[in-house]
Amino acid sequence: MYKTFKIALLFAVVFSIASCATFYQQNIKMMDAAYKGDYTTANAILEKSKLKKQKRNQLLYLLNKGSLLFMENKFVESNTYFQQADYLIEDFQKNYLTAATSFVVNPTIQAYEGENFEKVLVHYYSTINYLMLGKLDEALVECKRMELKLQKITDYYKGKNNYKNDAFVYLLSGIVYDAQKDYNAAFIAYRNAYNVYKDEYQPSMGIAIPEQLKEDLIRSALLTGFTEEANTYKKEFKLEDFVLTNEMKNQAVVFWNNGLGPIKDEWSVNFSIIPAGNGYVNFTNWDLGMNIPFYAGNDAKEMAKLNFIRVAFPKYITREPVIKNAILVIDSLQKTYAFSEAENIDKIAYTSINDRFLKEMSTALARLALKQVAVAATNKNNEIAGSALSILNAVTEKADTRNWQFLPHTINYARIQTSPGMHTLTFKGGKELINIPIEIKPNSTIFKIIQSPNFNGYTDRKK
């Protein structure tokens, strides 16, 4: 292990200096083009970037490529890259030499395998791509795969994770079943979504039950013949006047991806090294109430001489969206529809990273301990060399700030119900005004997607 450590540190000297900027800073030109809605330029920058050539960042290249093609409304091409990303996630094989090196250096040199919620949301994009192409059966398969990914995540954490159910996954399934006129399955999916919003999203993340979901739940219950359930929900939602109309047979569901999700930065914690006897030292941070024992054996006394060390962890920084809310107006102010927030990816990102904080802490401290044992061992023979190695450890201690940066801040949706024929939808959000011609078809549902990638500053918050 010491030999591996020395090789890793030599390799990391150049690597760490070259990668001192966060992943976001390294790709700022591509992001700037996307902020301006110039997806073609962003795509060109991506193609020339190191992401395409670096095997360790292959997943990020595929996710970014799929996202940019999606933003350009190239739904077939977009799905090609998201399918490749999904295959990579499913068949992810760690390079054990790289894994060992990243353990003693930093995790940025290891292949990026994606955050848990990122693995789920790959299928959101695939679902929308299929919906835009009119392929409902394929869209439903993607929804089911989202549910399977969630179950794998919960199994991994043995049910102790906070991000174990995703209300939007059930909602999206309900929307697809609804479009297929399978109202019984739609009702069940909508009910599952409602329960997760009410019991988990609202109390833990402050994400409210979407108003549109309340109407969809009642409507699907009535269409299924579940009159008692429909009346119960009418009373609960104070929608006693809700009735089925002929216009409800002709629909458009409009998704609105607002803003962009959080980016990753790093924060660090300083630990004092305190001798504990019998070959043990304690890594202690009084402010955070952390006291973590580590067995260093004969090197314990030398480690204690180092006084304190620094450990780096990833954290999220919110990109605040410019538009806070929006409406759709159909045919020159005749009728308006408000968007309902269905998924807050910003909040889910914080929840997800908190779920794995203890694991991240354990891995980082184990990596740190190995570094300090090497420093202590070197100090015995050569204090100058030991000091140099200690400095090198500080340089190479870096959090993994990579993440999928084209995810929206929030996913919203609205359901339009009107007469068949050509209509004009006007999107009104802040200063943004977009006219969208749509053709509503009799007894069917069509789909549209609107994107507002602009943001208005950064917010550094804990959760």
Side-chain angles (χ1 to χ4, degrees), residues 22-27 56-57 59-60 63-64 85 89 92 102-103 106-122 124 146 149-150 152-169 196 200-201 203-207 259-269 285 288-290 292 310-321 343-368 397-411 455 458-463:
T22 65
F23 181 74
Y24 177 69
Q25 291 166 336
Q26 293 171 24
N27 294 280
R56 65 189 175 87
N57 286 323
L59 178 60
L60 287 161
L63 294 175
N64 285 330
I89 291 168
F92 195 88
S102 68
F103 182 77
N106 67 57
T108 61
I109 65 174
Q110 193 170 341
Y112 184 75
E113 59 179 306
E115 293 283 355
N116 288 327
F117 67 95
E118 293 176 349
K119 297 173 185 177
V120 173
L121 288 169
V122 166
Y124 159 68
M146 291 174 84
K149 285 279 175 66
L150 273 169
K152 285 183 180 180
I153 293 167
T154 299
D155 290 345
Y156 175 79
Y157 286 103
K158 298 180 180 179
K160 296 179 180 179
N161 53 314
N162 289 308
Y163 178 59
K164 66 181 68 176
N165 281 317
D166 195 312
F168 179 62
V169 171
V196 177
E200 298 180 36
Y201 271 38
S204 65
M205 291 187 281
I207 301 175
L260 288 169
I263 58 174
K264 274 185 187 171
D265 203 338
E266 74 170 31
W267 65 290
S268 59
V269 178
N285 182 293
L288 298 177
M290 294 180 179
I292 303 167
R310 182 183 70 88
V311 187
F313 300 101
K315 68 173 182 177
Y316 279 113
I317 302 289
T318 296
R319 287 180 284 186
E320 299 290 349
E343 185 85 308
N344 191 311
I345 294 171
D346 182 80
K347 290 182 179 179
I348 286 175
Y350 283 90
T351 300
S352 185
I353 204 169
N354 287 337
D355 277 340
R356 66 179 178 84
F357 177 73
L358 290 179
K359 181 177 181 294
E360 190 87 22
M361 171 72 78
S362 175
T363 301
L365 284 174
R367 181 177 71 243
L368 177 71
E397 177 58 21
K398 182 176 174 60
D400 191 348
T401 59
R402 294 173 293 178
N403 73 314
W404 182 5
Q405 295 174 346
F406 281 120
L407 285 171
H409 181 278
T410 52
I411 301 171
F455 78 103
Y458 305 91
T459 299
D460 186 352
R461 59 188 179 86
K462 294 183 178 180
K463 61 181 181 176

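Everything numeric in this text was worked out from a predicted model, so none of it was measured.
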Tell me, do [X] and [Y] make a side-chain contact under 4.5 Å, heavy atoms counted?
X: Thr351; Y: Ser204; value: no
X: Pro314; Y: Asp400; value: no
X: His409; Y: Thr318; value: yes

At what distance, to the nearest 0.5 angstrom, does [atom1] of [X] lie from [atom2] of [Y]?
X: Asp166; Y: Asn116; atom1: CG; atom2: CG; value: 11.5 Å
X: Arg56; Y: Glu113; atom1: CZ; atom2: CD; value: 14.5 Å
X: Ile89; Y: Glu118; atom1: CD1; atom2: CD; value: 8.0 Å
X: Leu407; Y: Glu343; atom1: CG; atom2: CD; value: 10.0 Å
X: Ile348; Y: Ile207; atom1: CD1; atom2: CD1; value: 5.5 Å
X: Glu320; Y: Leu260; atom1: CD; atom2: CG; value: 12.5 Å

State whether the side chain of [X] and the backbone N or O of [Y] hold a donor-acceptor pair below 3.5 Å, judged by distance alone.
X: Tyr350; Y: Tyr316; value: yes
X: Glu266; Y: Ala399; value: yes
X: Asn57; Y: Leu60; value: no
X: Thr401; Y: Phe23; value: yes

Original post:
For Glu115, which residues count as a salt bridge (Lys or Arg N to Asp or Glu O under 4.0 Å) partner, sequence neighbours excluded?
Top reply: Lys264, Arg356
Subject >> Exercise: identify the closest heavy-atom pair between Leu63 and Ala85 >> reply: CD2-CB, 3.8 Å
**OP:** Search all heavy atoms of Gln110 against all heavy atoms of Arg402 and return the closest pair with its distance.
**Re:** O-NH2, 2.7 Å
Original post:
Phe117: what forms a ring-ring contact (aromatic ring centres under 6.0 Å, His included) with it, not counting sequence neighbours?
Top reply: none
Original post:
Can Met205 and Glu200 be said to form a side-chain contact (heavy atoms from CB on, under 4.5 Å), step by step?
Top reply: CA-CA 8 Å; Met205 291 187 281; Glu200 298 180 36; over 6 Å; no
**OP:** Before giving the answer on ring-ring contact (aromatic ring centres under 6.0 Å, His included), spell out for Tyr124 and Phe168 the whole-Å C-alpha distance, their side-chain angles and the decisive distance to 0.1 Å.
**Re:** CA-CA 9 Å; Tyr124 159 68; Phe168 179 62; 5.5 Å; yes
Subject >> Aromatic plane relationship, Tyr24 with Tyr458 - under 30° parallel, 30 to 60° tilted, over 60° perpendicular >> reply: perpendicular
Original post:
Is there a side-chain contact (heavy atoms from CB on, under 4.5 Å) between Leu150 and Val169 once you walk through the steps?
Top reply: CA-CA 9 Å; Leu150 273 169; Val169 171; 3.8 Å; yes
